[in-house]
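These numbers come from a predicted model, not from an experiment.
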Amino acid sequence: MDNKVLEIKHLTKRYGAKVAVDDLSLDVCAGDIYGFIGQNGAGKTTTLRALTGILGFDEGEIFIDGNSVKEKPVLCKSLTAYIPDNPDLYEYLTGIQYLNFMGDVYEVPRDKRKERIDKYADMFRIAGDLGSLVSAYSHGMKQKLAIIGALLHEPKLMVLDEPFVGLDPEAAFKLKEVFRRMCEAGSAIFFSTHVLDVAEKLCNKIAIIKGGKLIASGNIEDVRGDESLESVFMEVLENDAR
Amino acid sequence: MHAKWPLLLKIQLMGLTGINRAKNSGDAKEKRKTAGGIVALAVVGAVILFYAAMLAVGFCAQGLGKNLPALVVALASVIIFAFTLFQGSSILFATKDHDTVMSLPIPRWQVVLARMLCSYVVNLAFALAVAVPVTVVYFIFDGFSLGAFGTILLSVLTTPLLPLAVSAALSTLIAALTARMRFKNLLQSVLGIALFVGVMIASFSFSFSASANGEADMAALFGMLVGKIYPPAMLVDMTLSGAVWGVFAFAGISLAAAALFVIVVACFYEKINTALLSRGARAGYKAKDVKSSSAFGALAKKELKRLFSHSGYLLNGVCGALLLLIFGVALAFIDLQTVFEIPAEDFAAFKSILASMGAGFMMLFIGMSCPAASALSLEGSSRGLLFSLPVSARQIMLAKAMPTFLCDCAAGLVFSVIFGIRLGTGVFGWAALLLTAVLYSAFTALLGSFLNYKYPKYDWTNETQAVKNSIPMLIVIFGNMVLGMAVLLLSVFAGPWLALGVDLAAAVLCIVIFNYLKKVKLYV
């Protein structure tokens, strides 16, 4: 399909003898808000890091907007934004210095940069704190700053690892709004979460990973059927435990 | 697409100096700390300038003034190589900002280039601190000429490149070879130590062979540094003797080495990083008996484990103690009379002079490395966990001083015993040796811990920034170097009394710092 923003084909990543991600394939299309769920150590973060070009992988292929992550890493990264679960921002910079750095790296024109910083800083209520050092920020404020930095270049694909952890309810609500608006504009969101309620209410597609293997994926209605996502998830775990 | 390495370099340099933090912090204490750091840096710079100028004057007095530019290049290169030997891989790989940087659309070679240039800038500052006074002395003695100025400028600007490329290549090779192994940190440390010992033995053997040739001191130093240890510096000498192409060849070799390093590392950058950062959790753990210890014991054990957790930290932290140990063990086997080529009738007098220098020698090496000066900074962003524990700040700070004390004291005691027996030291000489091993080690450890409390650097992006490029480390190492050198030289006249006096002062300062630590409070 033409509107595939992310294509993961037979991704395999090993840490020594341990297979962290095992032959994983999935597609994320423009307009998708795709939730990626699994237990701790299931392989979620490894997958996210591989597709953002941070981590090399052993087998398979990953394409961002039709471009191979292996062959055109810089182009793929310019189309993507990644927010790790615990963003290690440069603590010796002020918020605005960090955003300007991100704007420079993604080559966002000054006028658009200013417009977007103003818009998102107001939205997430940290406009007044942008002159302070990042080291003075709370965890939630750092998360908000990382999100604003990631939104500056209007990425085609946004990859987030546990994006709602540390955000206050208002910021979480606004981030969901941003996700929806981005998807309406043709971007796609791929994020990992442990909060099944969020995944159920926000995502149109979902993937469940267990022990590095994809257990289920597709439209959320198809995956959960008549049950809640929580029941399906627990059922998957229990089946495997038996 | 524009070049991105200048952006990355700028961000890294902003983190290195601490000025941005002080400028944007509303905390007056933070600004005072930065100002204090700048003063400390200026003092260290002044000491380097003074030593370099004195060395240059000595050279000119012996009629070797025309060799000064080549000497600067060789001396700065050797020191840069020794100081960067362990930091190459920690600056390049597995840094704290790795995920952020690697997710950005910046080509790998530009990431490597920016990280290398950051190290280059720091080392260029050092090269300039050595070169400026020497050049001034050179022009005073030899007269100013534009050609010589251009030669010196070009050579100094390119001086850090070759030693940086070689040291970074060696540490990268070690990192790459061990990256996929289970005990990679231990292996990296062992290989790093082997490399360090090899380099030291090679330079000392050069030094001994230069002395054995019976050359004058300064000429021997020049012959050893430029002729044997760092021959590329000879190219600079050639230009000043008329062969203009020499300095261009030197600059070309330096630039080519650095460029080759960046290109090669960029090709393997992702693979090495992935291997270094990949830590699969091991399954199948079976619970054993749970061991318990006191809170202080647990903290001290944690610090020892932290020391062994990162090869760069370990190698920087124990290199002084390790050298002392090597010298001690070597002393047990070498024949001093043969090595120094002393006539039999003069050997007794030589031995007695050497015996008086033992404690000063030990101080010089004990002060060379101090993991306590960076142990608190290394807590980084997870320091809150430590500060929230139900233990006093003094216990935390003492635990942080413990690895320094244990390593230095153990090496010092071994050295003392061998040195005392081999040199036939008297009672007061023995007292000076043993007390120095214990008291000076305790003082260095407590001073490092105290200074790190005063000048913590939590916002590092790679451990080297905390371990090597920090104010506490600078003060401890250079302060001890000056004090150790002074005691070493003055002991020839004062005997063991000077060292005993310093030991007494160290004991008093230990008590002062110990009491001060009772009052400290650790806040995030």
Side-chain angles (χ1 to χ4, degrees), chain A residues 13-20 40-41 45-46 48-50 52-58 70 73-98 100-107 131-136 142 146 149-150 153 159 161, chain B residues 1-2 4 6-8 10-27 30 95-111 180-182 268-275 277-283 380-382 457-461 465 524:
Chain A
K13 170 68 193 168
R14 297 184 194 91
Y15 293 128
K18 187 184 172 182
V19 184
N40 295 331
T45 301
T46 300
L48 299 190
R49 294 178 84 218
T52 46
I54 296 169
L55 191 70
F57 45 92
D58 300 299
K70 274 186 177 168
V74 177
L75 175 64
C76 290
K77 286 172 189 180
S78 69
L79 299 168
T80 313
Y82 173 56
I83 303 177
D85 55 346
N86 194 5
D88 240 327
L89 307 177
Y90 296 103
E91 300 218 331
Y92 50 84
L93 298 182
T94 61
I96 192 69
Q97 284 174 334
Y98 172 76
N100 270 322
F101 168 67
M102 296 298 278
D104 287 340
V105 170
Y106 284 102
E107 296 178 19
S132 304
L133 289 168
V134 173
S135 58
K142 285 180 189 168
H153 66 294
V159 180
D161 199 354
Chain B
M1 192 176 267
H2 299 120
K4 303 287 168 59
L7 298 171
L8 210 51
K10 184 180 144 195
I11 290 290
Q12 288 177 164
L13 289 174
M14 282 167 89
L16 205 65
T17 57
I19 293 172
N20 190 58
R21 175 183 268 277
K23 203 176 92 184
N24 291 292
S25 171
D27 188 359
E30 186 81 45
T95 53
K96 222 167 96 175
D97 64 345
H98 173 261
D99 281 16
T100 305
V101 170
M102 292 310 287
S103 69
L104 299 174
I106 305 176
R108 279 192 290 266
W109 71 268
Q110 292 196 24
V111 174
R180 290 190 186 277
M181 297 180 185
R182 192 172 152 198
F268 301 99
Y269 195 59
E270 190 191 303
K271 278 187 181 168
I272 299 174
N273 263 312
T274 298
L277 291 164
S278 300
R279 286 187 174 86
R282 272 193 295 155
S381 52
S382 55
K457 183 175 175 58
Y458 298 121
D459 57 358
W460 43 269
T461 46
Q465 285 179 359
V524 177

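- Per-residue heavy-atom pair counts under 4.5 Å with chain A were compared for B:L8, B:V101, B:L104, B:T100, and the maximum is reached by B:L104.
- Shown here for A:K77 and B:M102, the closest heavy-atom pair between the two residues is NZ-O, 2.5 Å.
- Here the straight-line distance linking atom NZ of B:K23 with atom OG1 of A:T94 works out to 8.5 Å at 0.5 Å rounding.
- Note that NE2 of B:H98 is 12.5 Å distant from CG of A:D88, once rounded to the nearest 0.5 Å.
- The main-chain N or O of B:H2 is found under 3.5 Å from a side-chain atom of A:E107 such that the two form a donor-acceptor pair.
- What you find for A:Y106 and B:S103 is that their closest heavy atoms are OH-O, 3.7 Å.
- In this structure, the side chain of A:Y92 engages the main chain of B:I11 through a donor-acceptor pair within 3.5 Å.
- The greatest number of non-hydrogen atom pairs below 4.5 Å with chain A, out of B:I106, B:D99, B:N24, is found for B:D99.
- Here the closest non-hydrogen pair linking A:V105 and B:K4 is O-NZ, 2.7 Å.
- The distance from the CZ atom of B:R21 to the CG atom of A:L93 is 10.0 Å, given to the nearest 0.5 Å.
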* side chain to side chain contact (heavy atoms under 4.5 Å, CB included) between B:Y458 and A:E91, worked out -> CA-CA 9 Å; B:Y458 298 121; A:E91 300 218 331; 5.8 Å; no
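- Between B:P105 and A:L75 there is no side-chain heavy-atom pair separated by less than 4.5 Å.
- Contacts between B:Q12 and chain A at a heavy-atom distance below 4.5 Å involve the backbone alone (N, CA, C, O).
- When heavy atoms are compared at a cutoff of 4.5 Å, B:K96 approaches chain A by way of both its backbone and its side chain.
- Taking each heavy atom of B:E270 and A:L55 in turn, the nearest pair found is OE2-C, 4.2 Å.
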